[in-house]
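In what follows, every heavy atom counts, from backbone to side chain, and hydrogens, waters and symmetry copies are set aside.
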Amino acid sequence: MIFVNAHADGRFLDEIATRGVPYILVNRRAGAHPSVTCDDCLGGRPAAEHLLALGHRRLAVIAGEPHPGTSTDRAAGFVDRWEPSSPAASTTRTCCIAHF
């Protein structure tokens with residue numbers, strides 16, 4: 001079985017694993033269940049680097065719902081790259097993450 005749903009219920013996956021059914025999560029993580037994912041945190045960094053190279057200094061990240069870790073991780077990678085580049089980062093928030 002291949003699961004790609006962002007709302008994969010951990011208890012359901014536990015039951016599948018207990019029954020010995022072969023399965024994998026794609027682009028999702030859930031505890032110790034087997035998964036194939038990309039490095040979403042690293043994926044947010046190039047977006048910040050691109051905007052910095054263009055000279056942008058005031059940005060906002062709209063990451064979407066917090067339940068898929070992919071969007072939250074990408075936003076975190078963006079912020080990790082953006083914040084050290086901002087001269088005001090130590091005193092003001094230069095990037096915000098809003099879930100809609």
More than 12 heavy atoms from other groups under 6.0 Å of CD1 on Ile2: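 Result for CD1/Ile2: open.
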Name each donor-acceptor pair under 3.5 Å that joins a side chain in residues 16-24 to protein atoms two or more places apart or in another chain, with its distance.
{"from": "Thr18", "atom 1": "OG1", "to": "Asp14", "atom 2": "O", "distance (Å)": "2.8"}
{"from": "Arg19", "atom 1": "NE", "to": "Glu15", "atom 2": "OE2", "distance (Å)": "3.3"}
{"from": "Arg19", "atom 1": "NH2", "to": "Glu15", "atom 2": "OE2", "distance (Å)": "2.7"}
{"from": "Tyr23", "atom 1": "OH", "to": "His33", "atom 2": "ND1", "distance (Å)": "2.5"}

Residue list, side-chain contact (heavy atoms from CB on, under 4.5 Å) with Asp39, at least two apart or on another chain: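 For Asp39, the residues satisfying side-chain contact (heavy atoms from CB on, under 4.5 Å) (neighbours in sequence not counted) are Cys41, Leu42.
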Pairs flagged by side chain to side chain donor-acceptor pair (under 3.5 Å) wherever residues 42-51 is involved - sequence neighbours left out: Glu49-Arg81
Non-hydrogen side-chain atoms of Cys38 and Asn27 separated by less than 4.5 Å: yes
Heavy-atom side-chain contact between Leu13 and Leu25 under 4.5 Å: yes
